[in-house]
Trainee: 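Dumping the structure here so I can ask a few things about it.
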Amino acid sequence: MLITFEGLDGSGKTTAWEALHDVYPDATFTREPTDSWYGDAVRRSIGDEADPLAELFLFTADHADHLSRVVRPALAEGELVFSDRYVDSRYAYQAASLADADAGIDRPLEYVRGVHQAFTRAPDATVYLDVDPETAAGRAGATNKFERASFLADVRSNYERLIDAEPGRFVRVDASRSPERVLESVERAVAGLLDGR
Ligand SMILES: Nc1ncnc2c1ncn2[C@@H]1O[C@H](COP(=O)(O)OP(=O)(O)OP(=O)(O)O)[C@@H](O)[C@H]1O
Ligand SMILES: Cc1cn([C@H]2C[C@H](O)[C@@H](COP(=O)(O)O)O2)c(=O)[nH]c1=O
């Protein structure tokens with residue numbers, strides 16, 4: 001089973017994902033961007049004013065490598081896989097970048113999904129840590145081009161569209177509360193998902 005964690009920068013995904021290591025010691029914990037050289041290229045582009053289409057394909061290359069090297073083999077072994085960010089990050093963030101840049105793509109979210117359709121492995125469930133863009137940008141420290149409240153507002157709208165399209169896949173957690181309360185909700189959500197397998 002593949003469970004992904006999604007949300008704005010600073011929503012607390014990594015904090016929750018790290019806390020789950022103790023609860024599910026036998027699971028595979030992974031993340032995007034990855035630690036591969038593709039992930040290094042992605043991080044370089046995040047720190048730069050990259051062309052948004054070039055950036056989409058860097059993130060997508062990192063995802064393709066992640067799938068073949070980590071995700072598919074772990075799932076084939078019957079492992080439980082937890083990924084801190086996955087395809088929805090691309091659908092939400094790169095669709096917002098493409099719309100901002102007026103890159104000539106009419107329906108960026110549909111376009112980015114279309115790029116993935118032929119090869120990706122959809123998550124079985126996604127825990128969405130929901131927080132407003134101002135809080136998110138404040139927590140994240142506004143250290144890169146994505147961590148601006150105005151951009152994160154567009155990203156959040158895209159996440160809402162994804163949730164509307166597939167309400168059964170997402171579990172929404174109110175991430176504006178204290179870390180303890182958020183962790184409690186995430187652990188309960190994951191336990192519920194595993195119970196329902
Ligand atoms: N519920 C919370 N309330 C207040 N601060 C929090 C909460 N959860 C996490 N933080 C703090 O916010 C910062 C970002 O948290 P974290 O790295 O878990 O978020 P993230 O969603 O993984 O962000 P990014 O996508 O930018 O990596 C950290 O300093 C963390 O300690
Ligand atoms: C996977 C992925 C990530 N991003 C953005 C979101 C963040 O601002 C950075 C790095 O992610 P992290 O969780 O802070 O390590 O990259 C993106 O725009 N598109 C993606 O597919």
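For the numbers below, each heavy atom of this structure counts, side chains included, while hydrogens, waters and symmetry mates do not.
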Trainee: Hey, are Arg161 and Glu110 close enough for a salt bridge, meaning a charged N less than 4.0 Å from a carboxylate O?
Mentor: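 Salt bridge present between Arg161 and Glu110.
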
Trainee: With a 6.0 Å cut-off (strictly less than), is the heavy-atom count around CZ of Arg107, excluding the residue itself, greater than 12?
Mentor: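 No - once you tally the heavy atoms of other residues, nucleotides and ligands closer than 6.0 Å, there are 12 at most.
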
Trainee: Can you confirm whether Phe151 sits close enough to Asp100 that some side-chain heavy atom of one is under 4.5 Å from a side-chain heavy atom of the other?
Mentor: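 In short, these two side chains touch, coming nearer than 4.5 Å.
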
Trainee: Heavy atoms, side chains only, cut-off 4.5 Å: are Tyr159 and Ser89 in contact?
Mentor: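 Of all side-chain heavy-atom pairs linking Ser89 with Tyr159, at least one is under 4.5 Å.
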
Trainee: What are the two closest non-hydrogen atoms of Pro108 and Ala95, and how far apart are they?
Mentor: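 So the minimum-distance heavy-atom pair works out to CB-O, 3.5 Å.
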
Trainee: Salt bridge or not between Arg148 and Asp9? Use side-chain N to carboxylate O under 4.0 Å.
Mentor: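 No.
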
Trainee: Show, in sequence, the C-alpha distance, side-chain angles and deciding distance for His66 and Ser83, and conclude whether the side chain to side chain contact (heavy atoms under 4.5 Å, CB included) test is met.
Mentor: CA-CA 10 Å; His66 186 211; Ser83 188; 3.7 Å; yes

Trainee: Does a side-chain heavy-atom distance below 4.5 Å link Thr4 with Arg85?
Mentor: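 Not in contact.
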
Trainee: A side-chain contact here means heavy atoms from C-beta on lying under 4.5 Å apart; do Thr60 and Phe119 qualify?
Mentor: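 They are in contact (side-chain heavy atoms under 4.5 Å apart), so the answer is yes.
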
Trainee: If hydrophobic clusters are built from ILVMFWY residues whose side chains come within less than 4.5 Å, do Val87 and Tyr38 share one?
Mentor: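 Val87 does not cluster with Tyr38.
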
Trainee: Report yes if the distance between the aromatic ring centroids of His63 and Tyr86 is under 6.0 Å, otherwise no.
Mentor: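 That pair passes the under 6.0 Å test.
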
Trainee: Side-chain contact test, heavy atoms from C-beta onward, threshold under 4.5 Å: evaluate it for Pro123 versus Arg169 and give yes or no.
Mentor: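 SC-SC contact between Pro123 and Arg169 confirmed.
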
Trainee: Write down the atom of Arg113, the atom of Leu162, and the distance for their closest heavy-atom approach.
Mentor: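 The answer is NH1-CD2, 3.5 Å.
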
Trainee: Would Tyr93 and Val131 show up in the same hydrophobic cluster when neighbours are defined by side-chain heavy atoms closer than 4.5 Å?
Mentor: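 No.
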
Trainee: Just checking, is any N or O donor in the side chain of Thr34 or Ser36 under 3.5 Å from an acceptor N or O on the other one?
Mentor: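 Result is yes, a qualifying pair exists.
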
Trainee: Tell me whether the count of non-hydrogen atoms from other residues, nucleotides or ligands lying under 6.0 Å of CZ in Arg44 goes above 12.
Mentor: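 Incorrect, the count does not exceed 12.
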
Trainee: Keeping the roles fixed (side chain from Glu147, backbone from Thr143), state whether a donor-acceptor pair exists under 3.5 Å.
Mentor: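 The answer is yes, because a donor-acceptor pair under 3.5 Å joins these two groups.
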
Trainee: Salt bridge or not for Glu160 and Arg172, using N-O below 4.0 Å?
Mentor: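 Answer for the salt bridge query: yes.
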
Trainee: Hydrophobic clustering (ILVMFWY, side-chain heavy atoms < 4.5 Å, transitive) - are Leu67 and Tyr91 grouped together?
Mentor: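 Yes, same cluster.
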
Trainee: One thing to verify: whether Glu6 and Arg156 come together as a salt bridge, which I'm taking to mean a side-chain N less than 4.0 angstrom from a carboxylate O.
Mentor: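 Looking at Glu6 together with Arg156, the answer is no, because their closest N to O distance does not fall below 4.0 Å.
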
Trainee: Does the side chain of Asp48 pick up a donor-acceptor pair with the side chain of Ser45 at under 3.5 Å?
Mentor: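 Their side chains do not contain a donor-acceptor pair, so the 3.5 Å distance test is not met.
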
Trainee: Are Leu8 and Leu152 packed together at the side-chain level, in the sense that at least one heavy-atom pair is separated by less than 4.5 angstrom?
Mentor: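 Answer yes - side chains close enough.
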
Trainee: Would you say that Val155 contacts Phe146 through its side chain, given a criterion of any heavy-atom pair below 4.5 Å between the two side chains?
Mentor: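 Of all side-chain heavy-atom pairs linking Phe146 with Val155, none is under 4.5 Å.
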
Trainee: Should we count CZ of Arg69 as having more than 12 external heavy atoms under 6.0 Å?
Mentor: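 Result for CZ/Arg69: enclosed.
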
Trainee: Does the distance from a Lys or Arg side-chain N to an Asp or Glu carboxylate O, for Arg139 and Glu134, drop under 4.0 Å?
Mentor: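 No, no charged N to carboxylate O under 4.0 Å.
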
Trainee: Determine whether Leu56 and Leu58 fall in the same hydrophobic cluster, where Ile, Leu, Val, Met, Phe, Trp and Tyr are linked whenever their side-chain heavy atoms lie under 4.5 Å apart.
Mentor: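 Per the 4.5 Å side-chain linkage, Leu56 and Leu58 are co-clustered.
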
Trainee: Counting only N and O atoms by type, is there a donor-acceptor contact under 3.5 Å from the side chain of Asn144 to the main-chain atoms of Ile46?
Mentor: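 A pair under 3.5 Å: no.
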
Trainee: Just do the side chain to side chain contact (heavy atoms under 4.5 Å, CB included) check on Asp88 and Tyr128 with the steps written out, would you?
Mentor: CA-CA 10 Å; Asp88 295 299; Tyr128 176 63; over 6 Å; no

Trainee: Apart from Trp17 itself, which Ile, Leu, Val, Met, Phe, Trp or Tyr residues share its cluster (side-chain heavy atoms under 4.5 Å, direct or through members)?
Mentor: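 Listed partners: Met1, Ile3, Phe5, Leu20, Val23, Tyr24, Phe29, Leu80, Phe82, Val127, Leu129, Val171, Val173, Val182, Val186, Val190, Leu193, Leu194.
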
